[in-house]
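Only one structure is covered here, and it is reproduced in the block below.
Treat the numbers as computed from the prediction; the structure is a model and nothing was measured.
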Amino acid sequence: DWIHLSQVFITRLKESRYPTKDELDAAAPNNPVLYTTGPDAMCNTLALKLSGIDRNFKVTDGSGGFVELDPKTGEPTGVLRNSTRFVKSKGGKEKSPTEADRVARLKSLFQDYNAIGLTAICDRGGSTGSLALYEKLRRQGDLTVRIASSQGVGYLGEIEKIQEQIKNVAKDPHFTNPDAWIRVIGIKMFLDGGMLTGSAYMRQPWGVSAMYGISDPKYQGVRFISKDRLIPVVRTAVENGLQFTAHSVGDGAVSALVEAYEEVNRATPVAPTRPNITHCNFMTPEAIEKMAQLGVGCDIQPVWLYLDSRTLHQQFGEARTRWFQPLKTLFAKGVLTGGGSDHMQKIGPDRSINPYNPFLGIGTAVTRRAKWFEGQMHPEEALTREQAIRFYTINNARLMFMEKDIGSLEKGKRADLVILDRDILTCPEAQIAAIKPVATYIEGKQVFGRQ
């Protein structure tokens with residue numbers, strides 16, 4: 001049987017690197033192994049063989065993906081950049097979940113969100129299927145978080161078909177007639193790879209790296225969408241009133257998306273749609289200035305700083321991490337910036353991938369202190385406590401077009417509120433991440449209470 005590990009980020013291993021193909025061969029000599037992490041993967045010899053991936057294999061679909069080759073032997077190292085889809089893995093003997101299983105699991109997840117103080121989420125990978133699950137929970141009376149959804153749209157294939165998909169999102173009743181619980185706000189695409197996996201698109205080369213399995217000194221990461229394809233899809237979203245956002249991790253990807261917004265803005269103002277950049281981890285001062293001028297916002301995940309600073313600092317050094325999650329500068333320049341988690345797998349606010357504990361995020365934004373990392377990660381970019389609270393409350397409400405109803409305690413709003421076990425403004429900084437909600441309310445109705 002195939003052995004498949006999903007989202008095991010190398011930055012969070014003590015070894016801080018990919019396992020090698022030889023190590024996977026030794027651990028599982030008779031099993032094909034697929035070790036996926038974000039858009040990239042490591043395969044053992046048998047997995048490569050069964051998938052027909054050898055030194056002559058080429059990715060020709062325009063995605064920028066490729067197979068890493070050993071510079072000495074010319075053979076695949078096992079690392080696949082944005083080409084995991086070519087691995088012909090077969091599922092094991094586990095059962096597939098039924099719709100009832102999915103609804104029950106989603107209910108449990110949302111209850112756990114409430115327990116850590118979450119009352120609304122932005123789903124940056126939405127689909128008609130996920131909207132149907134949310135609606136089913138609502139009909140059962142079990143929906144306990146508000147949802148703003150950015151519908152996922154693929155970047156491969158004919159550009160006209162992609163544009164048609166975007167136009168269809170604009171016809172969805174959840175967009176044309178949104179309510180206080182479930183709404184579609186726009187679309188989400190993927191512009192580059194990941195900084196946790198070695199494929200974020202950077203302005204300068206990554207540098208040869210044993211940690212990330214990079215052998216080419218000129219390698220800058222992987223950009224998925226070329227300029228001539230990016231601008232028309234952004235324009236289509238803006239012309240249809242949809243918020244456009246794209247997974248953009250490296251400073252090269254962030255700058256490319258800002259430039260696309262700037263180009264579209266020449267004919268059609270982008271600001272009314274609250275255009276966005278998702279992740280926005282590595283930035284430049286120039287990109288931040290343009291974002292402020294154009295009205296472009298971003299959603300950032302401080303738990304990445306907490307969990308991944310050690311490896312990122314080892315890879316990029318002090319100078320290149322200067323503009324890693326530059327939160328204070330974004331606030332000072334007036335860029336609408338929301339705090340999130342990029343939660344993908346597992347239930348549990350601290351054990352999940354990625355942790356969705358907002359107090360861990362708020363604490364990290366204030367302290368810039370990270371796991372397995374000495375000192376602080378550029379403390380000059382730390383937020384004040386008041387800023388960090390807005391980062392996770394009213395700013396997110398604005399990103400989700402919900403600020404008239406939620407995001408602050410004001411007369412006429414919907415009384416979504418959380419009672420905490422200590423004063424977040426006065427407790428020691430080191431305690432912020434340990435804060436626990438005592439009770440969570442939505443529209444004045446208690447949805448969580450701690451004994």
Side-chain angles (χ1 to χ4, degrees), residues 2-16 18-19 33-42 84 89 91-127 129-130 133-134 137 142-145 147 149-150 152 188 194-197 247 249 278-279 299-311 339-364 370-372 392 433-437 440 447-448 450:
W2 279 78
I3 297 171
H4 183 191
L5 287 83
S6 179
Q7 304 298 42
V8 185
F9 292 115
I10 60 173
T11 49
R12 299 170 191 179
L13 302 176
K14 287 184 179 178
E15 294 84 355
S16 193
Y18 277 109
V33 179
L34 173 61
Y35 178 111
T36 61
T37 173
D40 306 319
M42 169 64 83
T84 310
S89 62
K93 297 180 176 65
E94 67 274 8
K95 290 198 307 179
S96 295
T98 64
E99 183 180 351
D101 292 331
R102 292 183 185 280
V103 171
R105 191 69 170 162
L106 192 61
K107 178 182 175 181
S108 297
L109 173 64
F110 286 176
Q111 288 173 339
D112 203 62
Y113 279 176
N114 297 150
I116 201 63
L118 298 177
T119 61
I121 61 167
C122 190
D123 179 356
R124 291 291 197 200
S127 65
S130 61
L133 285 176
Y134 302 148
L137 273 185
D142 293 326
L143 185 60
T144 57
V145 295
I147 297 158
S149 181
S150 296
K188 157 84 174 295
M195 68 179 188
L196 311 187
T197 68
H247 166 115
V249 173
T278 291
H279 305 317
D299 57 276
I300 293 179
Q301 297 74 35
V303 291
W304 283 9
L305 189 154
Y306 175 74
L307 289 173
D308 306 308
S309 284
R310 175 193 60 154
T311 306
S341 67
D342 196 32
H343 177 217
M344 294 180 281
Q345 293 174 193
K346 300 184 184 179
I347 292 180
D350 297 303
R351 68 180 288 271
S352 54
I353 303 171
N354 292 289
Y356 52 81
N357 180 350
F359 303 103
L360 175 60
I362 290 170
T364 300
K371 185 178 182 181
W372 293 333
Y392 273 82
I435 288 174
K436 295 284 190 293
T440 302
V447 292
F448 167 76
R450 194 180 302 279

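Side-chain contact between Phe359 and Pro349: absent, with no pair of heavy atoms (C-beta onward) separated by less than 4.5 Å. By the 4.5 Å heavy-atom criterion applied to side chains, Ser352 and Asp112 are not counted as neighbours. Residues Thr37 and Val8 fail the side-chain proximity criterion, which asks for heavy atoms closer than 4.5 Å. For the pair Phe110 and Asp142, the minimum side-chain heavy-atom distance is 4.5 Å or more.
The structure places CG of Leu143 at 9.5 Å from OH of Tyr134, a figure rounded to the nearest 0.5 Å. Note that the CG atom of Leu307 and the CG atom of Leu360 stand 7.0 Å from one another [nearest 0.5 Å]. Separation of atoms CD (Gln301) and CG (Asp342) is listed at 5.0 Å; rounding is to 0.5 Å. Rounding to the nearest 0.5 Å gives a distance of 5.0 Å between CH2 of Trp304 and CE of Met195. Atom CD1 of Ile116 is separated from atom CG of Asp350 by 6.5 Å, given to the nearest 0.5 angstrom. Remark: Met344 CE to Gln7 CD distance equals 4.0 Å, nearest 0.5 Å.
For the residue pair Thr311 / Ser16, a side-chain donor-acceptor distance below 3.5 Å is found, with atom types taken as modelled. A donor-acceptor pair shorter than 3.5 Å cannot be found between the side chains of Ser341 and Asn354.
The closest donor-acceptor contact from the side chain of Tyr356 to the backbone of Tyr113 lies at 3.5 Å or more, if one exists at all. Although no hydrogens or angles enter the test, the distance criterion places a donor-acceptor pair under 3.5 Å between the side chain of Tyr18 and the main chain of Thr197. Judged by distance alone, the side chain of Lys188 and the main-chain N or O of Arg124 form a donor-acceptor pair under 3.5 Å. At least one donor-acceptor pair under 3.5 Å links the side chain of Thr36 to the backbone N or O of Leu5. Checked by atom type and distance alone, the side chain of Arg351 pairs as donor or acceptor with a backbone atom of Ile347 at under 3.5 Å. Judged by distance alone, the side chain of Tyr392 and the main-chain N or O of Gly340 form a donor-acceptor pair under 3.5 Å.
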Can Leu137 and Val103 be said to form a side-chain contact (heavy atoms from CB on, under 4.5 Å), step by step? CA-CA 7 Å; Leu137 273 185; Val103 171; 3.8 Å; yes
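Smallest separation of non-hydrogen atoms from Arg310 and Thr11: NH2-O, 3.4 Å. Contact between Gln111 and Thr144 at its shortest, heavy atoms only, is N-OG1, 4.3 Å. Between Gln345 and His343 the shortest heavy-atom distance is O-NE2, 3.2 Å. The two residues Leu118 and Thr440 come nearest to each other via the heavy atoms O-CG2, 4.5 Å. Across every non-hydrogen atom of Gly361 and Pro302, the tightest pair is O-CB, 3.6 Å. When every heavy atom of Thr84 is checked against every heavy atom of Pro39, the shortest pair comes out as OG1-O, 3.5 Å.
The environment of Arg105 atom CZ is sparse: at most 12 non-hydrogen atoms of other residues, nucleotides or ligands sit within 6.0 angstrom. Counted within 6.0 Å of CZ on Arg102, heavy atoms from surrounding residues, nucleotides or ligands total 12 or fewer; the atom is thus considered open.
Residues satisfying the side chain to side chain contact (heavy atoms under 4.5 Å, CB included) criterion with Ser127, sequence neighbours excluded, are Ser130.
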